[in-house]
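From a predicted model like this one, the values you see are computed outputs, not experimental measurements. Proteins come first, then strands; the chains are lettered A, B, ... in the order of their sequence lines, and each starts at number 1.
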Number of protein chains: 2
Amino acid sequence: MKIDPDQKADLSAQIAKAIRDAIIEGRMIVDERLPSEAELAEQFEVSRSTVREALKRLAAQSLIRTQRGAFGGAFVNRLSFEEAYGQQITTATLLLSMNAVSFDVACEARYALERACAPLSSERRTPDQLATMRAEIHRQSQPGLTDESFCASDVTFHRALVDGAGNPVLSFQLAGAVEAMQPLMNMITFTARSREAIVALHTRIADALEAQDAKAADTALLELERYTLELGRGVMKARKSAS
Amino acid sequence: MKIDPDQKADLSAQIAKAIRDAIIEGRMIVDERLPSEAELAEQFEVSRSTVREALKRLAAQSLIRTQRGAFGGAFVNRLSFEEAYGQQITTATLLLSMNAVSFDVACEARYALERACAPLSSERRTPDQLATMRAEIHRQSQPGLTDESFCASDVTFHRALVDGAGNPVLSFQLAGAVEAMQPLMNMITFTARSREAIVALHTRIADALEAQDAKAADTALLELERYTLELGRGVMKARKSAS
DNA sequence: AGACTTTTAATTGTCTGACATTTTGCGCGC
DNA sequence: GCGCGCAAAATGTCAGACAATTAAAAGTCT
C-alpha cells in the first residue's frame, strides 16, 4: 500500500484513498484489523495526526470502525444495509435541496421507482407489511394530524410498499428516493379534501397488494403520482403569484 | 451550534454532526464560509486537531471543501450530481460485496429499476444517447474483447439507457444499481454465443427506444434479465460443483 | 496613473511530543 | 478458583511549532 509523493492532494486524502482502495478491492476483508495509527504513520512516513485525519475520513464513510483500548484499533467495517440507507438518504436529501430540483422531476423519479416495486410487492408482501400500510392509512385519516406527521406517515406507508418487494437491494436504492422527497412534500399544505383523496388512493394500493393484483396497484400508483403532481403544482403556482 | 458534553461519542464526531445538521437544515447555505479552524476550536472549546478531524469527516462526505491560504477556509459545498453519483456507486458496490448479496437479488433489483426508466427513455432519449448505445453495441460485437471490457461497455450502454429518461434524479438513483453490478458481472465468463445473444437483445432495446416503442423495450429488458439470470446461475452452479 | 513586484497576513497542512482515557490480559493474593 | 489491581497497548485530546499557500495590500518603476 503506497502513496504517490508528487500528488497535490492532501496527504490524509491520499492515505485514505490507499486504504479505501485496499478495502474495495478486497485486499482487506471485513473485521480485519488495520495496523495501529503509530504503525501506519511509520509505513506511510507521515505523522500520527495525518494518519488520524485519514482514518476519520474513512470512518465518515462507514468503511472502518474504531475501538479504544488494548487490542483495539481500526477494523474494516461490514457496511450494513442500515448504514447504507442512512448515507443514501443524506446524499439524496442534500442533492435535492442544493440543486434546485423541481418538484416535477423529483416526483417523477420517485413514482417511476416505486412502480418498479409494485409487481414484486404484490407478489411477495407479507401480512406484516400489509398491516403497517393499513395502520398508516388509519393514522392518515385522523383529523388533528399536522402536515409534518401526515408526510411522515406517508413515508412509512411507501417504505412498507417498497419493502414488500422483499429485495433488500431494491429497498436500499429506494430509501433515498422516498425519504428525500419528504422535505419537498412537507412544503405542501394538505387540505382535508386532498388528504381524503390520498387516503383513498392509499387504500386502493393496499387493497391491490393484498389481492396480489399488480395491475391495479400500478394504476393506483399512477393516479397517486398524477394527483401528487397536481397538488405540488398548485402549491408552486400559489407561491409564485404571492411573491 | 452546540455540542452535548455528556455524550459518549468522540468530540470530533459530535462537532461534525453539529455542523452537518446546520448544513442539512439550511442554517448554512452553499458557498458560505465556515469559521476558521482556530475560531471553531475556540467556539467548541476543543483543540484545533479535534476540529480538523471533524472537518475531514465532512469533507469525506463532500459536504465541505477547503482552500488554503489567506481568505481560504472551509466552504459549504454544493453537492453536484457527479459527486453524488460517485458516493452512490461506492456505497452500493461495498454493500453488495460485503453482504453476500446473491446474484439473483442484485439482478432483480437492477432490472426492476431499469425497466422503470424504459417508458420515459423511449419517449425522451436523444439522438446522442441512441448513438452511444449503437456504438457500445458495436464494441460488444468485437471478437477480441476481454470480459472486463465487455462488462464496462455493458455498463455504458445501460447508463445511456437510464440517462435517456432525461431525469437526473433517476440517473443518480440508478447509477449505483447499474455500476454496483459490474463486479458481479465481471465474474461471469461470456462465451461467444452468450455475447451474441446479449448483443441481439441490446439491439432490440436500442431499436425499441429509437422507435419509441415502450412496450417492446420493456419486453426486451425482461428477456435480458431472464438471460442474465440464467448465465449467472450457470456460473454459480459450475463454481459450486467445482469446489 | 498604471502595471509589475514585493511584502504581509491569514489560513490550512503537517509534525512533534505529551498526557488522558479505555480496554484487555496477566499475575498476585486470598 | 476468584476477584483485584496493575501494566500494556491502543485511541482520544491537547498545546505549540513550523511549512506551504494564497490573496490582499503596499511598494516601486516607468
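- A salt bridge links B:Asp104 to B:Arg233: one of the charged nitrogens lies within less than 4.0 Å of a carboxylate oxygen.
- Rounded to an integer number of Å, the gap from B:Glu37 CD to D:dG16 P is 17 Å.
- A:Thr50 comes within contact range of the sugar-phosphate backbone alone, with a heavy-atom separation under 4.0 Å but no base atom that close.
- In this structure, A:Leu55 atom CG and D:dA10 atom P are separated by 14 Å, rounded to whole Å.
- Along DNA chain C, the stretch of nucleotides lying under 4.0 Å from any heavy atom of chain B spans, 5' to 3', C:dA9 to C:dT14.
- We find that NZ of A:Lys56 is positioned 11 Å from C1' of D:dT13, with the value rounded to whole Å.
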Under 3.5 Å, which donor-acceptor pairs link side chains of residues 57-64 of chain A to any protein atom two or more places apart or in another chain?
residue	atom	partner	partner atom	Å
A:Arg57	NH1	A:Ser12	OG	2.7
A:Gln61	OE1	A:Arg20	NH1	2.4
A:Ser62	OG	A:Gln87	OE1	3.4

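- Comment: A:Asp10 does not engage B:Arg52 in a salt bridge, judged by the lack of any side-chain N to carboxylate O separation of less than 4.0 angstrom.
- Under 3.5 Å, the side chains of A:Thr50 and A:Ser47 contain a donor-acceptor pair of N or O atoms.
- We find that CD1 of A:Ile64 is positioned 14 Å from C1' of D:dA10, with the value rounded to whole Å.
- Looking at heavy-atom distances under 4.0 Å, B:Arg33 makes contact with sugar-phosphate atoms alone, never a base.
- Along DNA chain C, the nucleotide closest to A:Arg68 and the one closest to B:Arg48 are compared, and the more 5′ of them pairs with B:Arg48.
- The side-chain hydrogen bond (donor to acceptor under 3.5 Å, both in side chains) check on A:Glu83 picks up A:Asn77, A:Ser80, with sequence neighbours excluded.
- Checking A:Ala70 against A:Thr66, the closest nucleotide of DNA chain D that is more toward the 5' end is the one next to A:Ala70.
- Residue A:Ser171 comes nearest to A:Val162 through the heavy atom pair CA-CG1, 3.8 Å, listed as atom of the first residue, atom of the second, then distance.
- For the pair B:Leu174 and B:Glu114, the tightest heavy-atom approach, listed with the atom from each and the gap, is CD2-N, 3.8 Å.
- At whole-Å resolution of the value, CD in B:Glu42 and P in D:dT13 are 19 Å apart.
- A straight line from CD of A:Gln67 to P of D:dG12 spans 11 Å, rounded to a whole angstrom.
- If you take CD of A:Glu53 and C1' of D:dT13, they are 14 Å apart, rounded to a whole angstrom.
- Atom CZ of B:Arg57 and atom C1' of D:dG12 are 11 Å apart (whole Å).
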